[in-house]
Q: 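This structure is in C-alpha cells; I'll ask about it shortly.
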Protein chains: 2
Amino acid sequence: MRSSAEDLTTRARIRDAAIRLFGRDGFARATVRDVASAAGVSPGLVIHHFGSKAGLRDACDHHVLAQTATQGREKADPVSTRQLIQDYMNHPDQYADEITYIRRTLSDESEAGDAFFDAVVKQTQDIIHAGMEAGTIRKFNDVRSTAVVIASNSLCILMLGRHLSRTLGAAGPESHGIGPELLRQLTLPALEIYTHGFYTDARFLDAAREAINSNTSTGREHAP
Amino acid sequence: MRSSAEDLTTRARIRDAAIRLFGRDGFARATVRDVASAAGVSPGLVIHHFGSKAGLRDACDHHVLAQTATQGREKADPVSTRQLIQDYMNHPDQYADEITYIRRTLSDESEAGDAFFDAVVKQTQDIIHAGMEAGTIRKFNDVRSTAVVIASNSLCILMLGRHLSRTLGAAGPESHGIGPELLRQLTLPALEIYTHGFYTDARFLDAAREAINSNTSTGREHAP
DNA sequence: TTCCGGATTGAACATGTGTTTAGTCTATGA
DNA sequence: TCATAGACTAAACACATGTTCAATCCGGAA
C-alpha cells in the first residue's frame with residue numbers, strides 16, 4: 001500500500017529513512033547526517049523540516065503509531081499482536097522498518113512505546129472478554145492481568161526476534177529479525193501450551209496460590 | 001554478597017558504575033565522562049584501565065555474564081529465568097543493575113546477550129526434559145521449540161518490565177522496572193495459563209495444524 | 001634512602017555531531 | 001515579468017566525546 005520512494009515528498013523520504021535508521025541503529029547511534037545521506041539530502045534540510053533531531057523522532061513516533069493504529073482494529077486474532085505480525089508476514093519488506101522501529105520504541109523509554117503497549121493490552125483484553133462470552137476462551141478471574149501476560153508473550157516475539165530466529169535457525173543470517181519461517185515454527189508450540197497447558201496438573205498453581213496468600217510480604221516464595 | 005563500594009578496587013568501581021550507566025542509559029548515550037564521574041575518577045583513568053570504551057563494555061559483559069552464570073545452575077524453577085528473578089526478589093537493590101544491564105544486552109546486538117539467551121533456553125530445555133520424565137510437565141514433540149517459547153515468555157518480564165509495572169501499577173513510579181510486587185501480580189495468571197491453558201478446546205490448535213500442514217509456502221495462513 | 005612502576009589527574013587533541021547561517025534555486029502567484 | 005516563499009545546499013559553528021599525553025603521587029623493593 002505504500003508508494004515507492006520516488007513518489008514520496010522529501011519530508012516523507014527523510015522520515016522513512018529515519019524510521020529505518022532509528023530502528024536499526026537506535027536513536028542515539030543514528031546521526032542526522034546518516035539520515036540525510038540515506039534520504040539523499042543535506043543535513044541542514046533535515047533540521048529545516050523537523051526543527052531538531054528530537055522533532056524528527058517525534059514525527060517518526062507519530063507516523064509509526066498512526067500506521068499501526070489503522071490496522072489491527074478490524075482483525076481480532078486471539079493470540080493478539082499476531083494480527084500485526086500476520087499482516088507483516090504477507091508484506092515482509094514493506095513493514096520491516098516499522099516492526100524494528102516499534103521494537104526500539106518499546107525498549108527505550110518513550111510515550112509512543114507506552115501508547116503502543118497499552119493499545120496492544122487493551123485489544124487483547126477485548127479479545128479475551130469476547131472469547132470468554134463466546135466460550136472459546138477459558139474464564140479468568142483477573143482478565144486484566146491475564147491480558148497483560150498474553151500481550152507480553154506475544155510481544156516478546158518482537159522483542160527477542162533476533163534471538164529466536166538465531167537459535168531456531170529460521171531465516172537467513174542476513175535477516176536479523178522476524179520472518180515468516182520463524183512465526184511458522186513458533187505458532188504450534190505456543191498454541192499447544194495455550195490449549196493443553198504446560199504442566200500436567202495443578203500442583204504448581206496450587207502451591208503458588210498458597211504461598212502468595214499466606215506470605216504477602218517479601219520473602220522466599222519458591223513458585224514451584 | 002557484594003562488598004560496599006568503598007571496599008572495591010578502583011577498577012571494579014569503574015566497572016560497576018559502567019554497568020549501572022550502560023544499563024540505564026544504553027551504551028551509546030552513557031559517556032566515558034559519566035562513568036568516570038559516577039566512579040569518582042578521571043576520564044583518563046577509565047581508558048587507562050580498560051583501553052577504550054569498547055573494552056569497558058567487554059569487561060562489563062564478562063562480569064555480568066559470570067555473575068549470572070554462577071547462580072541459576074543449582075535452582076531449577078520450571079518457569080525458568082524466574083530463578084534469577086526470584087533471587088533478585090530477595091536482594092532487589094543488589095541485582096537491579098545487573099538486571100537492567102542484561103535487558104540492554106538482550107536488546108542491542110551483542111555476543112553476551114546471545115550467550116545469555118542461549119543459556120536460558122538450554123536451562124529451560126533441561127527443566128522440560130526432567131519434568132517430562134518426572135511426569136509434572138506434559139509431553140511435547142518439539143521440546144526445543146517449546147523451550148524457546150517458554151524461555152521467551154519468561155524473559156519478556158525482563159524486556160517489558162517497565163511497561164508491565166506501568167500498566168499494572170506495581171511498584172512506585174521511581175522504580176521503573178521489575179519489582180517483587182510485579183512478580184507477585186504476574187505469577188498466578190501465568191501459572192493458570194500454564195496449568196489449564198488459555199483456550200477452552202483445541203479448535204485453534206487444530207486449525208493451525210491444518211493450515212501449516214497444507215500450506216507450507218508463504219501465504220495467508222490466518223491462524224484464526 | 002633511592003628508585004621504579006603503576007595509579008591517577010588535568011589539560012589538550014581530534015573528531016563527530018546537532019545546529020545555524022547565508023545564500024542559491026525553483027516554482028507559483030500577482 | 002517580477003517578486004516572494006519555501007525547498008535545498010555548502011560551509012561554518014559550537015559543543016560533546018573518546019582518547020592521548022605529560023606530569024604527579026604513592027607504595028614497595030633494593
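Residue numbering restarts at 1 for every chain, and letters A, B, ... go by the order of the sequence lines.
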Q: List in chain and number order the residues that pass side chain to side chain contact (heavy atoms under 4.5 Å, CB included) with A:Ala38, two or more places apart in sequence or in another chain; answer none if no residue qualifies.
A: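 Side chain to side chain contact (heavy atoms under 4.5 Å, CB included) list for A:Ala38, sorted by chain: A:Ala17, A:Leu21.
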Q: Expressed in angstrom and rounded to an integer, what is the separation of B:Phe22 atom CZ from D:dT17 atom P?
A: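 It is 13 Å, rounded to the nearest whole Å.
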Q: For a 4.5 angstrom cut-off between non-hydrogen side-chain atoms, does A:Arg15 reach A:Cys60?
A: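 Counting from C-beta outward, A:Arg15 and A:Cys60 do come under 4.5 Å.
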Q: Angle between ring planes, B:Phe27 versus B:Phe22, binned at 30° and 60°: parallel, tilted or perpendicular?
A: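 If you compare the ring of B:Phe27 with that of B:Phe22, the planes turn out perpendicular.
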Q: Specify the angle, to 10°, made by the local axes at the two ends of the helix from C:dT1-D:dA30 to C:dA30-D:dT1 when five pairs are taken at each end.
A: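 Rounded to the nearest 10 degrees, the bend comes out at 10°.
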Q: Which residues pass the side chain to side chain contact (heavy atoms under 4.5 Å, CB included) test with B:Ala28, not counting sequence neighbours?
A: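 A:Ala28, A:Arg29.
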Q: Compare all side-chain heavy atoms of A:Thr100 with those of A:Arg24 and state whether any distance is below 4.5 angstrom.
A: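 No, every pair of side-chain atoms sits at 4.5 Å or beyond.
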Q: Sequence neighbours left out, what passes side chain to side chain donor-acceptor pair (under 3.5 Å) with B:Ser110? Give chain and number order.
A: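 For B:Ser110 there are no side chain to side chain donor-acceptor pair (under 3.5 Å) partners, ignoring immediate neighbours.
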Q: Mind checking what makes side chain to side chain donor-acceptor pair (under 3.5 Å) contact with A:Asp58, not counting sequence neighbours?
A: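 Testing A:Asp58 for side chain to side chain donor-acceptor pair (under 3.5 Å), a comparison that skips the adjacent residues, returns none.
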Q: Heavy atoms within less than 4.0 Å of DNA chain D: which residues of residues 52-61 of chain B have one? Give them sorted by number.
A: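 B:Ser52, B:Lys53 - these, ordered by number, are the residues of the stretch whose heavy atoms sit under 4.0 Å from the strand.
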Q: Looking at residues at least two apart in the chain, or sitting in another chain, which of them share a side chain to side chain contact (heavy atoms under 4.5 Å, CB included) with B:His129?
A: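 Applying side chain to side chain contact (heavy atoms under 4.5 Å, CB included) to B:His129 gives B:Gln125, B:Val143.
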Q: My understanding is that only residues two or more places apart in sequence, or in another chain, count here; which of them pass salt bridge (charged side-chain N to carboxylate O under 4.0 Å, His left out) with B:Arg20?
A: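 B:Arg20: salt bridge (charged side-chain N to carboxylate O under 4.0 Å, His left out) contacts with B:Asp97.
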Q: Check whether any side-chain heavy atom of A:Ser152 lies under 4.5 Å from a side-chain heavy atom of B:Leu164, and answer yes or no.
A: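 Yes, close enough: below the 4.5 Å cut-off.
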Q: In whole Å, I'd like the distance from the CD1 atom of B:Ile47 to the C1' atom of D:dG18.
A: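 Interatomic distance, CD1 of B:Ile47 to C1' of D:dG18: 6 Å.
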Q: Whole-Å distance between D:dT20 C1' and B:His49 NE2?
A: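 Atom-to-atom, B:His49 to D:dT20, this comes out as 16 Å.
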Q: Listed by chain and number, what are the salt bridge (charged side-chain N to carboxylate O under 4.0 Å, His left out) partners of A:Arg104, not counting sequence neighbours?
A: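 Scan of A:Arg104 (salt bridge (charged side-chain N to carboxylate O under 4.0 Å, His left out), adjacent residues dropped) gives B:Asp108.
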Q: Who pairs with A:Tyr101 by ring-ring contact (aromatic ring centres under 6.0 Å, His included), at least two apart in sequence or on another chain?
A: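 Partners of A:Tyr101 by the ring-ring contact (aromatic ring centres under 6.0 Å, His included) criterion come out as none, since no residue qualifies.
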Q: Identify the two heavy atoms, one from B:Ala112 and one from B:Thr105, that lie closest to each other, and give their separation to 0.1 Å.
A: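 Smallest heavy-atom distance, with atoms named: C-CG2, 3.7 Å.
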Q: Can you pull the contact range of chain B along DNA chain C, 5' to 3', using atoms under 4.0 angstrom from its heavy atoms?
A: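 Extent of the interface on DNA chain C: C:dA7 to C:dA12.
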Q: Which of residues 25-39 of chain B have a heavy atom under 4.0 Å from DNA chain C?
A: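 Residues of residues 25-39 of chain B that come under 4.0 Å of DNA chain C are, in numerical order, B:Arg33.
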Q: Hey, which sits more toward the 5' end of DNA chain D by its nearest nucleotide, B:Gly51 or A:His48?
A: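 Taking each residue's closest nucleotide, the earlier one in sequence belongs to A:His48.
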